[in-house]
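Take a look at the structure below.
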Amino acid sequence: MLILGIETSCDETAAAVVEDGRTVRSDVVASQIAIHSPYGGVVPELASRKHVESILAVIEQALERARLRTDQLDAIAVTRGPGLVGALLVGLSAAKAMSYALGIPLIAVNHLEGHMQAAFMGRDPLDRPFVCLVVSGGHSALYLVDRDGRGDLLGCTRDDAAGEAFDKVAKLLGLGYPGGVVIDRLAREGNARAFQFPKAFLEKDSLEFSFSGIKTSVANFVRKHGPPPARGQMGVYRLEDLVASFQEAVVEVLVKKTIGAAQARQVVDVAVVGGVAANRRLREMLAEEAAYHRLHLHLPEPRYCTDNAVMIAAAGYYVWRRQGFCQDPLEVDAVSRWL
Ligand code: KG4
Ligand code: ZN
């Protein structure tokens with residue numbers, strides 16, 4: 001079963017062909033980072049326009065790299081939500097047009113289910129329940145995922161998403177966008193114990209998150225001690241120590257809550273997915289803690305952590321196996337929220 005996946009929920013225009021939900025035949029991602037970078041975050045209107053400009057070329061490239069003609073495709077899987085509606089509409093419209101013109105079925109995919117699928121690329125998804133932490137620019141949530149791939153929400157963030165906290169802290173330190181990657185790299189040269197930032201564990205056993213407090217603490221730190229010195233320079237403090245300490249506090253909360261959720265739900269498998277799952281320190285601490293608690297850890301390859309269409313085509317295959325194709329492809333609408 002050859003599925004063309006299309007993803008345009010945020011700031012990546014992506015298309016990919018995946019065979020039987022597992023074998024990647026092509027993977028094309030056109031990033032809009034350069035366009036949004038001057039604004040320190042994604043500008044929805046610019047994102048939609050850029051998707052319109054790129055979508056056809058990206059789809060053509062995905063087919064070319066897979067050495068396939070359109071008439072060899074079996075179905076099209078497309079992200080329906082959650083995401084920016086104007087951005088989602090571009091991918092969805094392209095998918096509907098192709099489905100109609102080629103007479104092939106459409107599969108509407110939940111972006112978060114796509115992220116979850118990324119942890120199992122190249123092999124069958126688990127046939128037992130697992131706890132999944134989704135951490136991206138728009139989401140920080142824990143799910144209990146059943147053997148059919150359906151997620152039951154255990155807890156989500158009350159304010160900012162973890163990736164958003166990375167991006168906002170990077171912005172206030174003048175480090176550029178997207179902040180996660182920059183902070184990840186800089187933190188490797190810093191002392192994570194240099195400063196104590198608040199770790200929001202909330203109430204006992206809570207599986208919810210809150211990251212707006214730590215962002216404010218970093219802002220207060222800079223107000224008190226002055227703007228950060230340049231990279232590699234020693235001022236009143238080191239930039240590397242500041243970002244390493246911030247990152248450590250965020251990572252510790254994410255890891256402890258994920259392990260706590262697995263223990264509370266008595267499952268032995270945990271998956272961590274989404275853009276922030278690419279973070280080196282998060283992967284390292286998760287590996288240590290999972291081994292200590294005898295849990296099986298499932299992490300996507302770093303390139304499948306951030307938005308891509310491989311995960312959408314792969315998830316589409318399992319959505320089709322579970323519930324079949326969309327009955328009325330032209331009626332599918334884009335949705336900004338979809339838990
Ligand atoms: O999954 P994703 O590509 O898009 C959303 O669905 O939101 O995630 C993007 C987010 C951004 O906030 C970015 O700063 C963060 O993931 N991110 C990282 C890293 N790479 C990307 N955060 C921490 N460390 C990283 N290495
Ligand atoms: Zn995403």
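Numbering of ligands and ligand atoms starts at 1, following listing order. It should be emphasised that the depicted structure is a prediction, and the values quoted were computed from it without experimental measurement.
Nearest protein neighbour of atom 3 (O) of ligand 1, counting heavy atoms only, is Asp307 N, 3.0 Å. What sits closest to atom 11 (C) of ligand 1 on the protein, heavy atoms only, is Asp167 OD2, 3.5 Å. Distance from atom 22 (N) of ligand 1 to its nearest protein heavy atom, with residue and atom name: Gly180 CA, 3.3 Å. If you check which protein heavy atom lies closest to atom 20 (N) of ligand 1, you get Gly275 O, 3.4 Å. Of the protein's non-hydrogen atoms, the one nearest atom 24 (N) of ligand 1 is Asn279 ND2, 3.0 Å.
With values rounded to the nearest 0.5 angstrom, Met116 atom CE is found 11.0 Å from Met311 atom CE. Between Asp184 atom CG and Arg281 atom CZ the span is 11.0 Å, to the nearest 0.5 Å.
Around CZ of Arg150, the count of heavy atoms belonging to other residues, nucleotides or ligands within 6.0 Å exceeds 12. More than 12 heavy atoms of other shown residues, nucleotides or ligands fall within 6.0 angstrom of atom CD in Gln323. Within a 6.0 Å radius of CZ in Arg193, no more than 12 heavy atoms belonging to other residues, nucleotides or ligands are found.
Between the side chain of Asn110 and the main chain of Trp338, a donor-acceptor pair closer than 3.5 Å is present. Formation of a donor-acceptor pair under 3.5 Å by the Asp27 side chain with backbone atoms of Ala16 is not found in this model. Using modelled atom types, no side-chain atom of Lys171 and backbone atom of Gly179 make a donor-acceptor pair closer than 3.5 Å.
Ion pairing between a basic and an acidic side chain is recognised when a charged N comes within 4.0 Å of a carboxylate O; Arg22 and Asp124 show such pairing. A salt bridge is absent between Arg49 and Glu53: the closest approach of a Lys/Arg side-chain nitrogen to an acidic carboxylate oxygen does not fall below 4.0 angstrom.
The heavy atom nearest to atom 26 (N) of ligand 1, out of those in Val134, Val181, Asp184, is found in Asp184. When the options Gly137, Gly163, Ala161, Ala118 are ranked by their closest heavy atom to atom 10 (C) of ligand 1, first place goes to Gly137.
Aromatic ring pairs are classed by plane angle as parallel below 30°, tilted from 30° to 60° and perpendicular above 60°; the pair Tyr317 and Trp320 is tilted.
Atoms of ligand 1 lying under 4.0 Å from at least one heavy atom of His115, given by number and element, are 1 (O), 6 (O). Atoms of ligand 1 lying under 4.0 Å from any heavy atom of Gly138, numbered from 1 in the order shown and given with element: 7 (O). Every atom of ligand 1 with a heavy atom of His111 under 4.0 Å away is listed here by number and element: 6 (O).
Not a single heavy atom of Arg185 sits under 4.0 Å from any atom of ligand 1. Assignment of Ala278 to the shell around ligand 1 is supported, since a heavy atom sits closer than 4.0 Å.
Under 2.8 Å from the Zn ion (ligand 2), one finds the following protein N/O/S atoms: His111 NE2, His115 NE2, Asp307 OD1.
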Full working for side chain to side chain contact (heavy atoms under 4.5 Å, CB included) between Val273 and Cys132: CA-CA 7 Å; Val273 304; Cys132 187; 3.9 Å; yes
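Within the 4.0 Å heavy-atom criterion, neither part of His139 lies near ligand 1. At a 4.0 Å heavy-atom cut-off, ligand 1 touches Thr306 through backbone and side chain alike.
Checked by atom type, the side-chain pair Asp160/Ser212 shows no donor-acceptor distance below 3.5 Å.
Checking only distances, Gly274 never comes within under 3.5 Å of ligand 1, N or O to N or O.
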